[in-house]
Each structure stands twice: as structure tokens, then as C-alpha cells.
Amino acid sequence: MTATDLHELSLGALASAIQRGEISAVETARHYLDRIGRHDAAIHAYLHVDAEGALAEAAMVDRARARGEALGPLAGVPIALKDNLCTRGVPTTCASRILEGYVPPYDATVVQRLRDAGAVILGKLNLDEFAMGSSNENSAFGPARNPYALDRTPGGSSGGAAAATAARLAAGTLGSDTGGSVRQPGAYCGVTALKPGYGRVSRHGLIAFASSLDQVGPIARSARDAARLLRVIAGADVRDATCVDHPADDYEAACGRDVRGLRVGVVRDTLGAGTAPAVSAAVEAGIARLAGLGCQVHDIELPHARYSLSVYYVVASAEASSNLARFDGMRYGLRVRGDDMRDTYRKTRAAGFGAEVKRRVMLGTYALSAGYYDAFYLKAQKVRTLIRQDYARAFERCDAIVTPTAPTPAFRLGEKTHDPLVMYMQDIFTLPPSVAGVPAISTPCGVSPDGLPIGLQIVAPFLHEARLLQIADAFERAGEVMPLPPLTEVAHRSGAS
Amino acid sequence: MAAAKITLDDVRHVARLAALDFSDDELPRFGDQLGAIVAHIAELDTVDTRGVEPTSHPLDVSAPLRQDLVVPSLRRAEVLTVAPAQARGGFAVPKVLEVAPPGAPEDSGTTSGTS
């Protein structure tokens, strides 16, 4: 096996090669760290690279192997994490000045599970501040860029995670998805990205944005790779009372199963005027591919899905305003000293939060304030029930639902920052499954005439992540592999440590 | 639903609740953007939700219980390493009020943070 092959190995193949002793974990880590050193300056997927930690973890795996110990399913596999996941001893900033320099004293549950499986953590990935955004342009430390076109967004908020996965700067990554933040960047960067159903994966240690919507999700180069990551992180956690008490399925076993006879519902509305022609064309071709695999395709409607954007912006902002109250300069993070405690809160938050975060905190505070709670928050939660019911009804007649993941391919940096509402529209197809709490995946289904990746979103009923992976895997194997992004080598950036 | 127009006073009030300081030129811009978003959200008023229960969790999970066992938590020293200021094993924070209101009893022994 040559060095150039190493980053082309799937997660499963890499883990097997390390298990068999064909390559060492240290060699694998060095290979990925070297790639980061050469290519990340142009992409800025990483906010922090933990070379020392990664090599130490890799060495531990090699020693365990030499002693003949049993190795975990991700032993030696280099993974990187969105920087809103707490990593003990490793800076965690949420791409915000208010947490600049913050080093958590604990690991998120999903991080602990990755470590227990033997994964090597390469570092922390760029995102929109506090996961609020759809382009990674809201990062306080500069945007990440799309490896397929460096003047374009990788999507958001898990832009760094999707970009790193596409550019092979990690074997797989974890992002988080609240309204589309794993799926949309997955689509823009041509990789597979899964949002589990709500409660499938523990949120302990995921720095909270919207507590009734947030989910940690894997971003990987294939459904099969995503399946292995999900298997490791899924399952109830005593530290997260919102987890569903349902054991994780064997997601990898679901890959490879025949999809013949599965009923697929197409939301015809999503292929109309609001969607770029290149996207509609690629998605139609994707639907034809599913039909070719033996799926029974028919049109369906989700009558209340169009209200998802409004529901989301009320619910998510309201919950964010509550969750972000903890950033007050008292116990961690930035402190800007004021005349007294409250003045310190105000000055700290004014200095520490970016504009989008402030906007959502304001919107959420407004929606929850006296006199407005019923009109906004309660009303939105009721419309949310109607959207949930639309899905439940649709799933009586189909096993999975497909739409485009995003209405356009990746847009240019700066193109949509002038108007918040315009940016919010990027999530128009990913929002309904988020609001309903059901699992959804984005898988690459083609490229635009400019060579920009396009994603197909598949949605399944609650607790049916295995079915999503089964369909995505069959779909991927029946199509062409996404061409690698053309990577530029830029001189070593001294900040990448 | 709410008033279609958000006044500058509304924005100031919300900023106070949210513990956010805005400069005089920032405030109108935030007010306008907020107003535009709220105007869009008003479409929810047109949806008939009579008899519909609100959703907060897709599954009806009522508060799960666990055994009331004492298990190790975070160690104090580790937690305090990230504190902006610490004193006597705790977080040192600015006084709630710098000046006691007239007639209030004198505050004794509150830690004054050296931040």
C-alpha cells in the first residue's frame, strides 16, 4: 500500500488495514497531518490541529495492537470534530470570540465514544458561530472554503467538517445539525452527511444551540463510512435525558441490502421554480437511479412543510436565547469588565457575540418575552405538530421521502450575507425534517455544469436511520464516485497547530 | 400575533432582557432586521391550529428516571482553570451592585473579583 493510497481508503478498509498491521496508526495520523499542513491553509477547515494529541493516541493504538489486544471499530482512524463538541484539554470555541481560548474540562459523550472505539482525534473544525448559519461565514475566525471552488462556501454551519471530509483532511468527521447544518454542507461539498432522528445521539457536551432540534451527525465519504460512525456514537446516555431509549441498530449491516420494492415519495414542490435547474436535473436523475434499483416512486405532498422556516426561526431562536444566556463572562470564556455584574454581562456579550448570534438571541428573547410567548413560541410548536403529522401521514404510503438537499449548489462567499432572510432560505429543504425530528441524509447525486456538487436528501421515519443508510448506500454504489476536489498546496501556515 | 412594527423602544427592551449592549447606530439596523424576520414569521398566524397540541419532543418522552447514586463529577481544580477569575475555591465575579440602594443593609464579606 503506497502513501498516496492511504487517504483514499474507506473508514472500514483503513480500520481493517490497521487491525491487520499492514499500516500503523502513527503512519496514518502522520499522513493526514501532513495533508492538513499542505492543504488546509487554502481551505481553513481547521480551527485547531492537535498534532501532539493525535500522534499520542495513534501510538497507543499501535502499542495495543503489538500487545495483541482487541482493537475498537475505529482504532487508528483519524477523525476531526466540529468545534462545538467539547474535547477535554483541546480548545473548543464554537467559532466565537466569547469562547476564544476556552479549554473544556470534559469530553462530549460522542467524543468519549469515539475515543473508546480507538479513533484518533486530529483537531477541531470551523463552523458558523454557535452553529448559527448556512455558509460558515459567521465564524469569528474566518470562513472555511469549498474545496471544489475556493471562492465559494462549503455550506454551514458544519462547513469545516464537510470541507475536511471532501478534501481528505480527515477520514471522517462529526458535525451537528439543527436546521440542516450537516446535510447542506454535505451537499455543497459532495459528501455523505446524516442527521439522526432527534434523541438518537447524545447531546451531552455538544454546546447547545436549540435543545429540541440539535443532533450530532457524521459526515463521511460514503454511507457505509457514515454508518460505522453512527454505530459508534448512537445510543442512550444517562447524561442526556432527551435521548430515546432504543438501542443502536447495526447500521453497517443495513448497507448492502437490496432496496427493491421500497416505496419512495418525491415532494414534487421541491423541484419547482425555487430550485436551480442544475439541482432539479441532478435530483431527477437521482430519482431515476432509485427507480432503476427497483424502488417504487410516486409524488407526495407535505402541506405544512412550507411553514418550517418560520417555525424553525421562532423555536430555534427562542431556545438559543435561553441556551446562550450562560455566556456571561462569569465562569468561562471572555470577560469584559463592566461597572457591576449585569454591566459585565452586557459588555462581555456585546464584545463576544457576532451579529448573527445577536440577531437570533434578540429574536428569541422577543418571542419568549411577556405577552408574546403564546403568539410566537406556542404557536410555532403547534404548527410543528402539524408538520410532524404531515410526515406521519406520508410515511403511511412510502418508506422514504426524497427532495433536493439545497435549492442551489454552493454560492459565492459574500453573495448572501446582505440579508438574513435570504441566507435562511438555503435551509428550505432541510428544515422540515429537522422540525419533525425525523432522520435525514444527504448523498451526492451529481454536479452542476460548473462542477459544483449537488446533494439528494432522503428522509425516513423516526428511528429508521438504518433504512436511510441502506438506500443511500445502494444509491451511491449504483452511481459514479464524486471526483476529488482539485487541491492546491499552500505554504505551511504557522497558525495550524 | 405581535405588532407588525417593532419600535426602537421594543428593541431596547429586548436588548436589556437579553443582556446585550448595542451602540446607537447598531440599534436601528438590528431593529429593522428583526422587524423583517418577525413580519415573515407572521405567516404562522394564517395556520389553523385549533385543537392542536404543541410539540417539544418528537417522541412523547416524559422525564426518565435513574438511580439516585453519587458518582464522581468534574474536579473543582479542573473547572476553575477556565475561570476568568477565581478566589477561595470559587468563581470570582463582579459585585451584583456596586452601590447599595438607599436604606439597604450593608453588604458584608462578598468576594470582590480581581478581574
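Every heavy atom of this structure was used, including side-chain atoms; hydrogens, water molecules and symmetry mates were not. So that the names make sense, note that chain A is the first sequence line, chain B the second, and so on, each numbered from 1.
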Selection from I387(A), D374(A), L378(A), T365(A) maximising heavy-atom pairs under 4.5 Å formed with chain B: T365(A)
Validation row: Y313(A), H40(B) side chains within 4.5 angstrom (heavy atoms): no
Region of A380(A) in contact with chain B, defined by heavy-atom distances below 4.5 Å: both
Considering all heavy atoms, the nearest R359(A)-I37(B) contact: CD-CD1, 4.3 Å
Portion of V315(A) that has a non-hydrogen atom of chain B nearer than 4.5 angstrom: neither
Contact leader toward chain B among Y345(A), F462(A), Y377(A), where contacts are heavy-atom pairs under 4.5 Å: F462(A)
Proximal component of T46(B), with respect to chain A [non-hydrogen, under 4.5 Å]: side chain
Single hit among T385(A), L386(A), V435(A) for side-chain contact (heavy atoms from CB on, under 4.5 Å) with T55(B): T385(A)
Heavy-atom pair with the smallest gap, counting every atom of M341(A) and V93(B): CE-CG2, 3.4 Å
Portion of Y332(A) that has a non-hydrogen atom of chain B nearer than 4.5 angstrom: both
M362(A) side chain near Q33(B) side chain, heavy-atom distance below 4.5 Å: no
Nearest-0.5 Å distance that lies between atom OH in Y307(A) and atom CD1 in I41(B): 14.0 Å
Contact class of F353(A) relative to chain B, heavy atoms under 4.5 angstrom: side chain
Atom pair CD (Q381(A)) and OG1 (T49(B)), whose distance is rounded to the nearest 0.5 Å: 12.0 Å
Beyond-backbone contact of R342(A) with P94(B), side-chain heavy atoms, under 4.5 angstrom: no
Candidates K358(A), R346(A), R349(A) - the one meeting salt bridge (charged side-chain N to carboxylate O under 4.0 Å, His left out) with D21(B): R346(A)
Residue pair P84(B) / G333(A): nearest heavy atoms and the distance that separates them: CG-O, 3.8 Å
Side chain proximity check, R75(B) to P105(A), heavy atoms < 4.5 angstrom: no
Close side-chain approach of L34(B) and L363(A), heavy atoms under 4.5 Å: yes
Neighbour count >12 (heavy atoms, 6.0 Å) for atom CG, D48(B): yes
L20(B) portion near chain A, given a 4.5 angstrom heavy-atom threshold: both
Residue pair E43(B) / L309(A), side-chain heavy-atom distance below 4.5 Å: no
Any F91(B) side-chain heavy atom under 4.5 Å of R331(A) side chain: yes
CD/E78(B): more than 12 non-hydrogen atoms of other groups inside 6.0 Å: yes
Distance (rounded to the nearest 0.5 Å) between F376(A) CZ and L44(B) CG: 9.0 Å
Test item: K382(A) side-chain N/O and V47(B) main-chain N/O as donor-acceptor pair under 3.5 Å: no
Within 6.0 angstrom of R326(A) CZ, more than 12 heavy atoms from elsewhere: yes
Which atoms of R16(B) approach chain A - backbone, side chain, both or neither, heavy atom under 4.5 Å: backbone
